[in-house]
Each structure stands twice: as C-alpha cells, then as structure tokens.
Amino acid sequence: MSHDLSSIFGRYLSHEEVNHYLTDLVQKYSNKIQIFSSAHSFEGREIHTIRISPNILQKKANGRFYVLIDAGIHAREWITISVALYVVHQLVERDAINSRLLRNFDWIILPLLNPDGYEYSREHNKMWRKTRRPLGRDRCVGVDCNRNFNVSWGIGTPQYCSLVYRGERPFSECETRNVRDIFRMLRPNCRFYLSLHSHAKAILYPRAYSRTLPQNWKHQHEVAQAGADAIVGACGVKYRCGSASSFLNNAVGGSSIDYAHDIEKIPFALVMEIASKGFHPPAEDIARICQESWIGIQAMVMQLAVSPRISFTRSKTAI
Ligand SMILES: [Zn+2]
C-alpha cells in the first residue's frame, strides 16, 4: 500500500512528519531504502539522510555511483523539501517505472537539511532563512548554511545580523558539518550533487565565488540544460542555465556546490532553483511543482548516465 499522496504532497509537512514519512518507508520497504545517516540540529532535531538502492543489503555501493540530493538548506524554501520527498516517493514507491534511474546510481537524499530554521519559518517568521543558533551579540540568531562551507569562506559577510551571515568560522553549524560528513562518507564515488533551492527558475553550476569556470563546465552545462529542456518540453516552464557567478551580482563564498566541486571533487555539483510562486506556493500547487521538478531531475541524471563525454572515472574532468 502506498501512502495517501495528498497527505504528503497536498500540504507542507512539519519536520516531525517528514521524519515519520521517511521512517515509515524504511519499515515498509526495507529492501529498497534505509537510513544512511542521522545527525542532530542545534536545537536537537533529528536530521535523517536516506539511501535508496536496489542493492540495499550491500553496505557500500560496490562500484556504483552516488547521486546526492539535499533540500531545505534555506529554511523558507519550503517547496524544496516537498520536491526531495517526491524524489524519494518516486524511487521507492514507483520504483518499477523508475528502474532506469536506479540502474546506475545509489541515491542519497537529505530532504530537510536545516530543520530548526524550517520549523521557525513555519511557526514564527515565514521568511526565515538561516539556522537558529543564538550568536551572543546583538540578539541576532543564525547562520546562512550556504555561506558556511569551507571554500572561499572569507569573502562572506562577518555581519552577525545579516541574512547571509557566513558564521564565525567555516562549518560553525552542525547542519553544514552534517553535509560535510556525508560528502566524506560518499568518497570517492559521488558523481552528482544537487542542492535544491527556490524560486529563481535556474539550474546553476560552480563557481559562485569566482567567474573562473570549472574545467568540466561544458559537461556540467549539458547536464543542467538537459534538465531545463525536459521541463520546458513537458511543462512550458523556462529555466535558465549557467554558472552561479553569472547569475549572481556578487561573488558568493562558502557555498555547498563550490565546496562539493572544488574540495570534494564531485564532478557535477548543481543548484536547482525551483520555479514556484514565491517561497511558499499555495498548497494546491505543491504536487504539480514536484512533478515538474522531478521531470528535470530525471533528465539530468539520465544525461549523466548516457553521455559518452562524461567520464565516470576519477579523471581530469573532476579537476
Ligand atoms: Zn536558497
């Protein structure tokens, strides 16, 4: 029996409900999905990362490659969490029609990276973006996780109260240390890292901190474009593709995709800025946005799997 989908994709789930959905799937489908790792947020919430694989009983991917997807790095980007759960739903509860996506990859999914910020956004301030760690001074709270990774971190803002505060040091937040630890656990077999944001209708690749493109940028562009083409073809919604720095006005340090690509040597490290009406699209739009985003995500992963020009060995293209 699969879940009543309207109860999962007809509204925004709380952190507790997200975890309940995941642990429920793990119980029902223990041959397909397991808890890959669990960490705790600053306020003590449990952060689950799950692994989906046809070879779930084998501890390691055994030469298979990993796709890693995270969501909810920015607390107010609620729709990203629904999209990540939709990916889980498709791969676990609709695995027969998605078997080609499971053939080449184990999927590692972290659907709610920053649960403290998310709950604060749900309960108190819808536009909250950061973590919820009190900073001691000025009664300001929280760090922008996507400025807190250890890659060109120094160019981020040291202003405590800023919406994009980088933190006192790289990885000052347990939520970003959790992602760093997941990257380490996946070494050296992670080929694709996709970080879900909203709502700028764009698929972006490194670098955010510099206009200098990665060596394999053309291949990364192809993957991004495959996602954008699929979405415009199926739904008529146009995503822009390009490097993060070509999209942003200022250089951004400490981003997760730059860390993934430059430091962890993950060859494909993309941000998907999901198209939606604002950060909190109406509940009746959630299912449609999930389906639309899933079309793009599938196309990107298929592009990875089929492109003869994309090397899956640890080669020069991985810089
Ligand atoms: Zn964001």
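Quick caveat, the model's predicted, so the values are computed rather than measured. In listed order, ligands and their atoms are each counted from 1.
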* To do: Quick one: report the N, O or S atom of H197 that is nearest to the Zn ion (ligand 1).
  => ND1
* Restricting to N/O/S, name the atom of H74 that gets closest to the Zn ion (ligand 1). =>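 Going by distance to the Zn ion (ligand 1), the closest N, O or S atom in H74 is ND1.
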Are the side chain of [X] and the backbone of [Y] linked by a donor-acceptor contact shorter than 3.5 Å?
X    : Y   : answer
E119 : H15 : yes
W78  : T80 : no
D116 : F42 : yes

* Does any N, O or S atom of E77, backbone or side chain, fall under 2.8 Å from the Zn ion (ligand 1)? -> yes
* **R64 NZ/CZ over F105 ring centroid, <6.0 Å and within 45° of normal** => no
